[in-house]
Amino acid sequence: MNPGRLIMACRSKDRGQAAVDKLASETGFKVELWLVDLASFASMSSFADKFDKDGGRTAAQFSTTPRLVTVASGVHYWAVIDQELIEAPALLAKLSDETYCKPSGRLGGTRYNICKLFNVLFTRALQDRLAQASFPVTAVSVCPGYCASELRRNLISESRIVMGVVEYVMVKALAFTAEEGSRQLVYAA
């Protein structure tokens, strides 16, 4: 893709720098690390201010419609919302409740699939509102496909050794590299 400038936004300086170093060594691209914590409005505002000041060219300078791209996953098709979750007075609090998630094994796959479904539904609802407000931004969700990435770095443990072996075989046989998966996001943007 050979970008003229590549800014990587990360929450953790150490993990972000590790990702920047890996990407730079694999591609030869000059990569900049900018810190942002999406759970902090102050951090997001600071990031936006920095981008306004030093982010470079924007969609408006190219006469294109800006896009807000969220990362989705095909696993949202597998989301199963059980009756206990439907009847919960505070759905998000229930999904964060350790007593709901841990004993039943919902912490991993089930909760992840539901969260990815929420991600897609949020993006669709946001796009509906943007269109009604005649706001010139297009919101899209993009699934990069099954990718081998650092997200699986802690998958193998003594209690999950079989899952780790299965995952290893699947990654070797089926997965895109993280860089190949990222192309879907760049294309959508």
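Just so you know, residue 1 is the first one in the sequence shown, and it goes up from there.
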I need the minimum non-hydrogen distance between [X] and [Y], along with the two atoms involved.
| X | Y | answer |
| --- | --- | --- |
| Ala175 | Ala148 | CB-N, 3.7 Å |
| Cys10 | Gly16 | SG-CA, 3.7 Å |
| Pro144 | Gly181 | CB-O, 3.3 Å |
| Ser12 | Leu35 | C-CD2, 4.1 Å |
| Val36 | Ala9 | CG1-CB, 3.7 Å |
| Gly74 | Cys143 | N-SG, 3.4 Å |

Name the residue from Thr138, Thr123, Val142 that meets the side chain to side chain contact (heavy atoms under 4.5 Å, CB included) definition with Val69.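 Exactly one candidate clears the test, Val142.
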Please tell me whether [X] and [Y] are part of a single hydrophobic cluster in this structure, the criterion being side-chain heavy atoms less than 4.5 Å apart.
| X | Y | result |
| --- | --- | --- |
| Val120 | Val75 | no |
| Phe29 | Val20 | yes |
| Leu185 | Tyr187 | no |

Would you give the length of the straight line joining atom [atom1] of [X] to atom [atom2] of [Y], rounded to the nearest 0.5 angstrom?
| X | Y | atom1 | atom2 | result |
| --- | --- | --- | --- | --- |
| Ser141 | Gln127 | OG | CD | 10.0 Å |
| Leu126 | Leu121 | CG | CG | 12.5 Å |
| Lys22 | Glu179 | NZ | CD | 11.5 Å |
| Met44 | Phe51 | CE | CZ | 14.5 Å |
| Leu117 | Ile81 | CG | CD1 | 5.5 Å |
| Arg124 | Thr70 | CZ | OG1 | 11.0 Å |

Find out whether [X] and [Y] are in side-chain contact, i.e. whether some heavy atom of one side chain is under 4.5 Å from a heavy atom of the other.
| X | Y | answer |
| --- | --- | --- |
| Met170 | Tyr146 | yes |
| His76 | Asn119 | no |
| Leu95 | Leu85 | yes |

Is the number of heavy atoms from other residues, nucleotides or ligands within 6.0 Å of NZ (Lys50) greater than 12? yes
For Phe118, does the CZ atom have more than 12 heavy-atom neighbours from other residues, nucleotides or ligands under 6.0 Å away? yes
For Phe41, is there any backbone N or O sitting under 3.5 Å from a side-chain donor or acceptor partner on Ser45?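 Checked: pair present.
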For the pair Arg67 (side chain) and Val140 (backbone), establish whether a donor and an acceptor sit closer than 3.5 Å, ignoring hydrogens and angles.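 No, the answer is negative, given that no donor and acceptor are paired below the 3.5 Å cut-off.
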Gln17-Asp21 side chain donor-acceptor pair, cut-off 3.5 Å: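 Asp21 and Gln17 do have a side-chain donor-acceptor pair below 3.5 Å.
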